[in-house]
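Letters A, B, ... mirror the listed sequences (proteins, then strands); counts begin at 1. Source: prediction; values computed, not measured. These values consider heavy atoms only, across backbone and side chains, with no hydrogens, waters or symmetry-generated copies.
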2 protein chains.
Amino acid sequence: MSVHSEDNQAFIDHDHSHCIEDALVAARAVCATNGARFTRLREQVLTIIWASHQPIGAYAILELLLAANPGQRKPAPPTVYRALDFLLQQGLVHRINSLNAYIGCTHPGSAHHSQFLICTECSTAREFDAGLPAQLVHEAAGADFQIASVLLEVTGLCPQCATGRSQHG
Amino acid sequence: MSVHSEDNQAFIDHDHSHCIEDALVAARAVCATNGARFTRLREQVLTIIWASHQPIGAYAILELLLAANPGQRKPAPPTVYRALDFLLQQGLVHRINSLNAYIGCTHPGSAHHSQFLICTECSTAREFDAGLPAQLVHEAAGADFQIASVLLEVTGLCPQCATGRSQHG
DNA sequence: AACGTAACGTTATAGTATAACATTTTCACT
DNA sequence: AGTGAAAATGTTATACTATAACGTTACGTT
């Protein structure tokens, strides 16, 4: 498995190396603000996640981590999950529940909920921030429900895959 | 583990046996309409799900299924998952991704998306139907994204658990 | 009854996540 | 620099969730 899937549309329309760098800069800032330690391992995991630029599973992260650290320490699943827990807590990554996978947050630092458009064809996940649906707030209020977090996962076809599909018939 | 958790708030404010019966009646109607076979196994699984009246895991369903069929056939995980897949396809149950659990749909037959208020304290999941958030539709349209399904899982505190918590300090 | 298909049983295994404990690293304080 | 407490990571084992693959049974049609 490769970190880079150059056939993925996400890579076509931007300079991807910037994403990783920007994410690391933002992560250092967030952790500094929160008094949290952005260790080498956590940085490695976040880098792997951003390099993938797609939802990536914990075990895939583990493989890449092992490949990146030949001969040295041998991380096992708990190591990865602990790093992921940390990154989730700091708001640096999101978990895509529909895919059992993780993806870098596009605007860390600002409190927001997890909202994604997920392509069933190419598995690209595009984060968006639409605020809390008014109707949802209304429902919750009517039910006396205290909202702690919101997860909105929309699956369907991204423009590229929709186009490809209609071309092929 | 018991099918009935009488301490669960969901049981307090209604006659629960009606839920199961109503769900079975609705399920038969839906399957008849769709030309699908509502077999004994599928009925048993749906009954177990409704009897739980909470999100329930596949393996918990399996245990209850084994308990209900002493000595006869011995369902294994695939049997349960196949029944669940069927019920999901017919729109008779929903999967709560946040919990890896399944729950009966409160208004089967009418096309709708999966939207739940999930209590982190008592795991009760309350389905609601708020329609598609206008902002989401707008975002999807702007991104040329073709929506296939929407999953909205809101976690927080239900009224009962919020009350209990504030009473205890 | 014979056939084809759908449903279910059965065995094995893949994939995701965490418990529990040992070791190392880090940081504050001397 | 040395020390001790706490945090982070390493390590082993295992729990939990889900599916692949194949055999058998049940069902409806002819």
Novice: Any side-chain N or O of B:Arg42 below 4.0 angstrom from OP1/OP2 of C:dA7?
Specialist: yes
Novice: Nearest heavy atom decides the nucleotide; on that basis, is A:Gly57 or A:Pro78 closer to the 5' end of DNA chain C?
Specialist: A:Gly57
Novice: Any side-chain N or O of A:Thr79 below 4.0 angstrom from OP1/OP2 of D:dG10?
Specialist: yes
Novice: Check for me: is A:Tyr81 stacked on C:dT18 by the 5.5 Å centroid and 30° plane-angle rule?
Specialist: no
Novice: Could you tell me the separation between the CZ atom of B:Arg73 and the C1' atom of C:dC8, rounded to a whole number of Å?
Specialist: 8 Å
Novice: Is the side chain of A:Gln146 donor-acceptor paired with the backbone N or O of B:Gly156 at a distance under 3.5 Å, no angle test?
Specialist: no
Novice: Using whole Å, report how far CG of B:Leu62 lies from P of C:dC8.
Specialist: 14 Å
Novice: Rounded to the nearest 0.5 Å, how far does CD1 of A:Ile118 lie from CD1 of A:Ile96?
Specialist: 4.5 Å
Novice: Rounding to a whole Å, what distance do you find between A:Arg82:CZ and D:dA6:C1'?
Specialist: 15 Å
Novice: How many whole angstroms separate atom NZ of B:Lys74 from atom P of D:dT24?
Specialist: 19 Å
Novice: Hey, which sits more toward the 5' end of DNA chain C by its nearest nucleotide, B:Tyr59 or B:Asn100?
Specialist: B:Tyr59
Novice: Has A:Thr39 got a side-chain N or O lying under 4.0 Å from the OP1 or OP2 atom of C:dT25?
Specialist: no
Novice: When you measure from the side chain of B:Glu153 to the backbone N and O of B:Asn97, does any donor-acceptor pair fall under 3.5 Å?
Specialist: yes
Novice: Rounded to the Å, how far apart are B:Asp85 CG and D:dT17 P?
Specialist: 16 Å
Novice: When the distance from CD of A:Glu43 to C1' of D:dT9 is rounded to whole Å, what number comes out?
Specialist: 16 Å
